[in-house]
Amino acid sequence: MNGTAYIFDIKRNASEDGPGIRTTVFFKGCPLSCSWCQNPEGIAAGPSLSFRAELCHPEDCGLPCFKACNAKAISLADRSLRLDWERCNRCGRCAAVCSNHALEQVGQWLSVDELFYRVAIDKPFFDATGGGVTASGGECTMQMNFLHEFFKKLKAAGIRTAIETNGMFNFGRFARLLLPWLDLIYFDLKLIDEAASIRHTGHSNRAILDNLLRLTECAAVPVKVRIPLIPALPPPMKICAVSPSSCASTRSSKSVPCLTTHYGWTSCSALGSIPNTGAAPL
């Protein structure tokens with residue numbers, strides 16, 4: 001949809017996504033498929049549907065979802081709801097009539113003005129604590145044109161901005177559309193070894209590493225590199241990321257925090273997707 005972005009969460013009082021009290025906006029869409037992804041609902045760029053079977057009680061509700069589904073993706077077998085994910089078109093009609101919230105549409109389309117209104121109400125907290133708004137995901141740079149207008153509006157209102165990125169973006173567009181409007185960049189570096197990156201994220205990391213080097217050379221704002229500590233990849237610092245000393249030598253990053261993470265495989269199941277299990281215990 002033109003002039004809108006698909007947002008799957010807005011988290012208030014976020015203290016881990018930048019200085020001060022922050023409101024973090026989670027944009028849908030990500031070019032990577034990390035096997036440890038904590039937010040698999042943010043991978044698909046468009047609407048997603050979540051189905052939690054443990055909340056579904058067909059005998060109580062009368063199956064309004066069955067009647068609402070034009071794709072014929074819902075059926076009943078052994079008194080349990082069955083969802084055919086290949087047929088499902090993620091229209092959300094079933095979720096709209098599900099009283100038990102077993103079926104839920106993940107996210108919504110918001111315009112720049114709508115999103116700005118939702119975060120700007122927290123400005124008194126930003127001003128009092130040195131906080132602001134952080135764009136996350138998914139990979140928020142996949143919706144770069146929208147972000148450009150959103151950040152411009154935030155800066156015009158005196159709201160500090162930050163971004164969390166995996167580094168998989170077009171550097172020229174990033175430098176032109178986003179960099180002038182940012183106060184802080186969190187660069188979440190997944191892996192340093194290209195073969196490991198292909199295995200565990202589904203993509204080469206050459207563009208990511210190149211973008212990191214270019215950012216640390218030209219960015220006028222802090223570029224803080226963060227490293228995920230990934231369970232089931234022993235020893236984690238050898239496999240999961242670059243060593244802290246090599247990143248600490250860059251001009252903008254004086255320390256390299258290590259982030260603990262967990263697998264989002266349960267969420268993958270609820271979304272009808274198959275997780276990349278490349279990082280499963282060997």
Is the backbone of D193 close enough, under 3.5 Å, to the side chain of S197 for a donor and an acceptor to pair up by distance?
no

Looking only at atom types and distance, does a side-chain atom of H148 sit under 3.5 Å from a main-chain N or O of L177, one as donor and one as acceptor?
yes

Pick from R22, E164, R160: which one makes a side-chain hydrogen bond (donor to acceptor under 3.5 Å, both in side chains) with T134?
R22

Where the side chain of T216 meets the backbone of L213, is there a donor-acceptor pair that is under 3.5 Å apart?
yes

Distance to the ring centre below 6.0 angstrom and angle to the axis at most 45 degrees; does that hold for K153 and F116?
yes

Partners meeting salt bridge (charged side-chain N to carboxylate O under 4.0 Å, His left out) with D122 (sequence neighbours left out):
R12

So does F66 have more than 12 non-hydrogen atoms from other groups sitting under 6.0 Å from CZ?
no

So which of E41, K28, Q105 actually passes side chain to side chain contact (heavy atoms under 4.5 Å, CB included) with S48?
K28

So, R87 side chain and K72 main chain: donor-acceptor pair closer than 3.5 Å or not?
yes

From I7, V25, L147, residue fulfilling side chain to side chain contact (heavy atoms under 4.5 Å, CB included) relative to C140:
L147

Side chain of N211, backbone of F169: donor and acceptor closer than 3.5 Å?
yes

Would you find a donor on one side and an acceptor on the other, under 3.5 Å apart, between the side chain of Y6 and the backbone of G107?
yes

Under the rule for salt bridge (charged side-chain N to carboxylate O under 4.0 Å, His left out), what residues qualify as partners of E194, not counting sequence neighbours?
R206

Under 3.5 Å, is there a donor-acceptor pair between the side chain of D9 and the main chain of F26?
no

